[in-house]
Amino acid sequence: MFSHANCSEIYKIKPIKFDISNSIIFVPIKTSSQNIITNDLKYTKIENTNGVELELLNSKFDIQPEELNFSEGYLKDFKIAKNGQNTVITLIFKDNYNIANLKIGNINNNLLVTITPIQPYNMNYYVNTYRESDAYTKDYRETLAITTKNIEKNETPVVNVSNINKTSMNEIHQAFANSNYGNQEVYTNVVIEDLSKTFRLRSKYYLAEAKVLDNVFRLVGVGAEAIQKPFLLPNPMRMVFDMPNTIINPELHNTEINLVNGDKLKIAQFNPTTTRMVVTSETAAQYIPVYHPDSQTMILANPKNILTTHISDKKANIVKFNFQKSGKQENFIIEFDKPLCYAVKRTSEYLFIYFLNAEKYNDSQFQSVKKNTHYSDLSMHLLSTGMRLRLPEQNRENISTFISPDGKVFKITCEQKQIEPVLTETQTKDLAKKEGTITAKPKYTKDKNADVIVIDPGHGGKDCGALRNNIFEKDITLSVSKKLQAILQKKGYKVYMTRTDDTYVSLEDRTIYTEGINPALFVSVHVNSCNSESPKGIETHYYHENSLELADYVHRHLIKKITNTTNRGLFKSRFYVINHTTVPAILVEIGFISNTAERNELISTQRQQATAEGIAEGIVEYLKNNK
């Protein structure tokens with residue numbers, strides 16, 4: 001127990017934060033103590049008003065005194081001011097508010113005031129756990145009309161404190177409910193409840209703890225967890241997870257934790273309402289968030305490291321499917337008999353949802369409910385642990401997922417995207433320029449061909465590409481591409497080439513050809529050059545966001561195969577063939593023809609074969625992870 005003489009070094013009040021529903025007031029307190037000293041908190045009912053004062057003794061004050069007036073909700077006025085060595089928070093409520101509903105809690109030694117009771121878990125309310133972007137996050141934006149005015153120093157009256165025995169918060173609430181309070185009754189030695197163990201906040205998440213558990217990152221807090229659509233950053237490869245409407249424990253700001261394999265997680269308060277988590281790893285693109293049934297705990301992990309020890313031992317069964325339509329929005333709802341442990345992964349083509357602790361479902365009911373709806377292409381697959389739901393993203397937009405507060409009802413929402421007309425084979429051919437020659441007949445289909453790949457050997461014919469010492473880029477790219485085609489065909493893939501001999505094909509024809517086939521992916525093979533002879537190494541280029549994951553897989557496998565060169569990394573570049581191709585498309589610079597040593601390797605069968613194998617292995621891994 002700290003004495004009052006030392007308390008001035010313990011408490012440091014930070015800026016106050018309000019919940020959007022005007023139900024929660026969060027008071028961050030920086031303290032060196034292991035626990036808030038209950039003797040240092042006074043709770044007082046204010047004479048002739050429907051209000052209370054919360055006074056924290058011997059505390060520092062890091063914000064300006066202020067008064068806020070609320071136009072909505074039960075809270076009418078909020079005031080925070082310095083009173084000598086103490087900090088005083090004054091709460092004035094509207095006349096129709098029952099102060100018996102007021103609760104004071106402790107979350108990781110931060111003060112939390114809840115104005116209304118937490119709603120029962122069977123209420124008609126869902127927490128948005130995944131969303132495409134912040135363009136549809138109005139439910140996380142402050143909508144209250146709040147006005148402020150300056151207040152004079154010591155405006156809040158000083159209350160004389162009498163020596164009263166310790167009183168639990170439950171007893172205080174009961175006393176309020178019975179309306180037996182005398183004017184300016186004061187309670188000291190208040191017992192503060194730990195809300196992180198007993199309550200869930202409705203619309204805000206407080207991230208209290210982040211640590212390593214086995215080979216995953218474990219995040220623990222209280223509130224409503226949500227992840228915005230993650231995105232990748234290259235050099236080094238990083239996956240960025242943003243949590244909207246989330247506040248972190250101040251001690252976590254700009255901290256970094258590490259797995260044994262070297263993967264890193266850095267956490268920061270990105271802006272006042274968003275927490276940003278960045279995973280740095282060679283396999284960052286594979287990381288997914290896993291939500292636990294308590295709706296308070298989350299794991300960030302590579303799926304291969306999610307063991308059964310990280311999954312709830314309470315098995316859940318699907319008891320009901322339902323489809324709802326409201327205007328443009330279409331909902332597919334799944335009800336479980338137990339709280340759900342689940343994960344969400346987004347690729348360029350699909351939204352995958354893993355029900356990790358689920359065991360059984362009625363397939364005939366599933367097929368019946370989705371039939372004749374826009375969710376007819378939704379598929380369910382049983383896994384060794386749980387189930388996987390796959391939703392194609394084609395012709396859909398504004399996809400979001402929701403979970404009910406009791407963790408038993410899962411909802412997917414989306415809107416149908418306007419479908420652009422597909423060109424016929426004749427229409428597409430009419431667009432091609434006569435100067436180009438396409439050597440394989442394209443298969444014009446509306447749906448993407450999952451096992452079809454287009455390889456684009458750079459340059460050709462009159463376009464020699466880079467050259468040194470009578471060695472042409474066009475010859476190297478064609479040779480490597482043919483080897484790549486042979487490897488992929490042996491693995492069962494159907495491979496088209498934009499050219500199969502020394503023929504000139506325009507850039508426009510290459511993209512028209514690819515769009516006509518509509519393959520799973522497109523890879524263009526090139527050789528780099530420079531005025532200086534010293535640069536060497538491998539670069540992989542992408543342009544559209546849906547191509548970054550493919551670029552990452554291929555580049556990593558190339559670097560593993562070609563060990564005696566430089567890893568020049570990933571680049572976002574506006575090359576024509578990857579800019580004008582809608583399927584995942586990358587351009588690989590397999591080495592420098594201007595570097596004498598690397599040029600001699602590039603023309604060797606050994607280097608060309610290793611290059612083809614590296615690209616093929618990256619393609620295969622990408623396709624397996626994006627089925």
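For this chain, numbers begin at 1 and follow the sequence in order. Just so it is clear, the values below take in all heavy atoms, side chains as well, and ignore hydrogens, waters and symmetry mates.
- Here Phe575 contributes atom CZ and Tyr542 contributes atom OH; the two are 13.0 Å apart, rounded to the nearest 0.5 Å.
- You'll find the side chain of Tyr553 reaches within 4.5 Å of the side chain of Gln286, heavy atoms only.
- Of the inter-residue distances, the one linking Asp363 atom CG with Met380 atom CE reads 8.5 Å to the nearest 0.5 angstrom.
- A distance-only check finds a donor-acceptor pair linking the side chain of Gln269 to the backbone of Thr274 [under 3.5 Å].
- Note that OH of Tyr342 and CD1 of Ile334 are 12.0 Å apart. Values are rounded to the nearest 0.5 Å.
- To the nearest 0.5 Å, atoms CD (Gln606) and CD (Glu601) are separated by 8.5 Å.
- In this structure a side-chain-to-backbone donor-acceptor pair under 3.5 Å is present from Thr373 to Tyr375.
- Val527 and Gly591 make their closest contact through CG1-O, 3.4 Å (heavy atoms, listed as atom of the first residue, atom of the second, distance).
- Shown here are the side chain to side chain donor-acceptor pair (under 3.5 Å) partners of Ser534, two or more places apart in sequence or in another chain: Ser532.
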Problem - Full working for side-chain contact (heavy atoms from CB on, under 4.5 Å) between Ile267 and Leu265 - result: CA-CA 7 Å; Ile267 303 174; Leu265 173 66; 4.1 Å; yes

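- Across every non-hydrogen atom of Ile586 and Ser547, the tightest pair is CG2-O, 3.7 Å.
- Counting heavy atoms from C-beta on, the side chains of Lys483 and Thr605 come closer than 4.5 Å.
- Ser376 places no side-chain N or O within 3.5 Å of a backbone atom of Asn372 that could act as its donor or acceptor partner.
- The only option from Asp502, Asp501, Asp463 that meets the salt bridge (Lys or Arg N to Asp or Glu O under 4.0 Å) definition with Lys474 turns out to be Asp502.
- Of the possible donor and acceptor atoms, one in the side chain of His544 sits under 3.5 Å from a partner among the backbone N and O of Asn579.
- Annotation: side chain of Ile455 is not in contact with side chain of Ile615 (no heavy-atom distance under 4.5 Å).
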Exercise for the section: Test Asn567 against His555 for side-chain hydrogen bond (donor to acceptor under 3.5 Å, both in side chains), laying out the working first. Expected result: CA-CA 9 Å; Asn567 179 358; His555 189 78; 2.6 Å; yes

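- Under the 4.0 Å criterion applied to side-chain N and carboxylate O atoms, Glu617 and Lys561 are assigned as salt-bridge partners.
- With Phe323 as the fixed residue, the side-chain contact (heavy atoms from CB on, under 4.5 Å) test singles out one of Glu330, Lys371, Lys370: Glu330.
- With Glu539 contributing its side chain and Ile590 its backbone, the two residues share no donor-acceptor pair below 3.5 Å.
- Among all heavy-atom pairs drawn from Asn357 and Cys341, the shortest one is OD1-N, 2.9 Å.
- Looking at Ser281, its side chain never comes within 3.5 Å of a backbone N or O of Asp263 through a donor-acceptor pair.
- Evaluation of the side-chain contact (heavy atoms from CB on, under 4.5 Å) rule for Ala610 yields Ile562 as partners, not counting sequence neighbours.
- The aromatic rings of Phe366 and Phe321 sit tilted relative to each other, their planes meeting at an angle between 30° and 60°.
- The two residues Ile593 and Arg599 make their nearest non-hydrogen contact at O-NH1, 2.7 Å.
- By the 4.5 Å heavy-atom criterion applied to side chains, Val577 and Leu507 are counted as neighbours.
- A side-chain donor-acceptor contact under 3.5 Å links Glu598 to the backbone of Gly537.
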Practice task
Run the numbers on Glu256 and Lys266 for salt bridge (charged side-chain N to carboxylate O under 4.0 Å, His left out), then give the verdict.
Solution key: CA-CA 4 Å; Glu256 186 175 272; Lys266 188 168 184 178; 5.5 Å; no

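- Between the CG atom of Leu356 and the CG atom of Leu340 there is a distance of 8.0 Å, given to the nearest 0.5 Å.
- Proximity of Asp377 to Arg396: side-chain heavy atoms (C-beta onward) are separated by under 4.5 Å at one or more points.
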Exercise for the section: Dump the intermediate steps for side-chain contact (heavy atoms from CB on, under 4.5 Å) on Asn215 and Asn261, then the final yes or no. Expected result: CA-CA 8 Å; Asn215 291 314; Asn261 65 3; 5.8 Å; no

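- Under the 6.0 Å cut-off for aromatic ring centres, Phe410 and Phe355 qualify, their centroids lying closer than that.
- Using the six-membered ring where Trp is involved, His580 and Tyr576 have ring planes that are parallel, under 30° apart on the 30 and 60° scheme.
- Side-chain atoms of Asn469 do not come within 3.5 Å of backbone N or O of Ile471 as any donor-acceptor pair.
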Exercise for the section: Mind running side-chain contact (heavy atoms from CB on, under 4.5 Å) on Leu488 and Val620 for me, showing each step along the way? Expected result: CA-CA 8 Å; Leu488 291 171; Val620 170; 4.3 Å; yes

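- Using a distance-only test at 3.5 Å, with no hydrogens or angles considered, a donor-acceptor pair links the side chain of Thr275 to the main chain of Thr246.
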Practice task
Take Arg388 and Tyr354 through the side-chain hydrogen bond (donor to acceptor under 3.5 Å, both in side chains) test and state the conclusion after the steps.
Solution key: CA-CA 4 Å; Arg388 186 190 71 182; Tyr354 298 87; 4.6 Å; no

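- Put simply, the side chain of Met243 reaches to within 4.5 Å of the side chain of Met298, judged on heavy atoms.
- Atom OH of Tyr493 and atom CD1 of Ile453 lie 6.5 Å apart (nearest 0.5 Å).
- In this structure the side chain of Leu351 reaches within 4.5 angstrom of the side chain of Thr401, judged on heavy atoms.
- Arg218 places no side-chain N or O within donor-acceptor distance of the main-chain N or O of Val216, the cut-off being under 3.5 Å.
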Exercise for the section: Would you please test Thr581 and Arg510 for side-chain contact (heavy atoms from CB on, under 4.5 Å) and show each step? Expected result: CA-CA 9 Å; Thr581 303; Arg510 294 171 196 256; over 6 Å; no

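- Asp242 is linked by a side chain to side chain donor-acceptor pair (under 3.5 Å) to Arg276, counting only residues two or more places apart in sequence or in another chain.
- The closest side-chain heavy-atom distance from Ser594 to Asn531 is not below 4.5 Å.
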